[in-house]
Trainee: 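The structure follows.
Chain A is the first sequence line, chain B the second, and so forth, proteins listed ahead of strands; every chain is numbered from 1.
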Amino acid sequence: MARLYQRPMCIASSLMVPMATLATPPWLGLDGVPPAWPVIWLLPWALADGPVSGALSGLAVGLVMDGLHLSGSSQIPALVLLGWWWGRLGSRAQPIQRSLNLGLLAWLGSMLLGITLLAQLHIRFGWPLALEMQGWGWHTIWCQALITGLLTPMLASLQLLLWRRMPSK
Amino acid sequence: MAPFLRPGNSRWRGLGQLTPLLLLLAGLVLVRFSKGAGFTDAYALISRPFWPGPAQREWIVSANDVQQTSRLKLLERDNQRLRGLLSLQQRGSQVGLVSAAVIARRPRGWWQLLDLGKGALQGIAVNDAVLGPGGLLGRVSSTTPATARVKLLTAPGHEIGVWLPRSRSHGLLVGMGSSRPQLRFIDRDLDVRPGDLVSTSPASTLLPPNLPVGVVQAVNEQAAPATAAVVQLIASPEAIDWVQVMTR
């Protein structure tokens, strides 16, 4: 089977990440916090394509997402790490496709992403962070992880199904 | 038969003839002491059908608007003249307003920003002030030829200098990520109260002066190292579809 990065349609699906980030309606978030779209896209990709492809895809999506956001904090470290980890899980273990597993992995990924962003805030604004900002940070982490974990089983299952059924060249 | 006469009967009869006059006098005294209450009430009751209707109220409101607008213009002119005398930057008089649609918004989450449908081609530049209904929303942080990205006042670490007109004190408005930024002061003993208006500084060189920003919601006098306050912003980015960018 051809690797995902060799299929133009699979690569084109990554365009959905910035588009979804820009177009997320307020009602799709939890208390206004949108889901982590890079995590939702990266999980099935890394599971299907292995650690190296996962890490490189994490880097690519992270670069795009950092460009879309304000400077200051970067999503790249967390996405590269997640891509590598999920790629190893996908290549070494039995295929992960149950909704609960996908949701749990996405929840963990979103938590890790949030924690790295909060850590970067700590570095930028000094330790300890103001109490209000810390409260807001943890609130954002939990809301984002929850909505990402809820949405991923639906979307990632669909992605895995489509990518596996797609005829190889 | 001789008529029946009683002594003093004629005196009572004279008093009886004066009764209407005395009643009238008493009534007038009552009117005097009640400040004409009966008359005005009666007049109000009778004239009610002829009272000014909603149309007249609109005329008054409209006239009031005209008066307020002209007063604002006079004050603005006066302000410009005084600022000129003080040799301050006269940005307020030179700015242009560009209306732009909000094409994407992320008012919550890690990056609190708006994406606008107009950019450098329309004269929008980095650090331009962005206004929503009610007041300042944020500043332009980057532009492309066709879009502009606005960093909201609530974004973590976003700092602008502000002014409290009532207590005539300066402060630093710092975004904390939550919907209510924090106002930090340099001095400890300040006359800041909940309900105080927060605006951009009259002497601001980064932002147009005297733009309303928010209202002080709570004051923490125990905060270290100086007094701090929580500010409720007037303009809400969650429900805005159009904004105005003050270009320079």
Trainee: For a quick test of reading the model, state the closest non-hydrogen atom pair linking A:P34 to B:G109 and the distance between them.
Mentor: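 Smallest interatomic distance, heavy atoms only, reads CD-CA, 4.4 Å.
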
Trainee: Write out all chain A-chain B donor-acceptor pairs shorter than 3.5 Å, or none if the list is empty.
Mentor:
unit_1, atom_1, unit_2, atom_2, d
A:D31, O, B:R108, NH1, 3.0
A:G67, O, B:R149, NH1, 3.2
A:L68, O, B:R149, NE, 3.4
A:L68, O, B:R149, NH1, 3.1
A:L68, O, B:R149, NH2, 3.4
A:H69, NE2, B:R106, NH1, 3.2
A:L70, O, B:W111, NE1, 3.2
A:E132, OE2, B:Q182, NE2, 3.4
A:W136, NE1, B:G177, O, 3.2
A:Q144, OE1, B:W110, NE1, 3.1

Trainee: Please table the atom pairs, donor to acceptor, closer than 3.5 Å between any side-chain atom in residues 54-61 of chain A and protein atoms at least two apart or in another chain.
Mentor:
unit_1, atom_1, unit_2, atom_2, d
A:S57, OG, A:W45, NE1, 2.7
A:S57, OG, A:S53, O, 2.6

Trainee: Under a 4.5 Å cutoff for heavy-atom pairs, which residue among A:I141, A:L121, A:V33, A:L117 has the most contacts with chain B?
Mentor: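 Top option by heavy-atom pairs under 4.5 Å: A:L117.
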
Trainee: How close do B:G175 and A:M133 get, counting heavy atoms only, and between which atoms?
Mentor: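 Scanning both residues, the minimum pair turns out to be O-CE, 3.7 Å.
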
Trainee: Can you establish whether the number of heavy atoms outside B:L75 located under 6.0 Å from its atom CG is more than 12?
Mentor: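 Count over threshold, so yes.
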
Trainee: Is A:L129 in contact with chain B via its backbone, its side chain, both, or neither, using a 4.5 Å heavy-atom distance?
Mentor: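 The answer is neither part of A:L129.
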
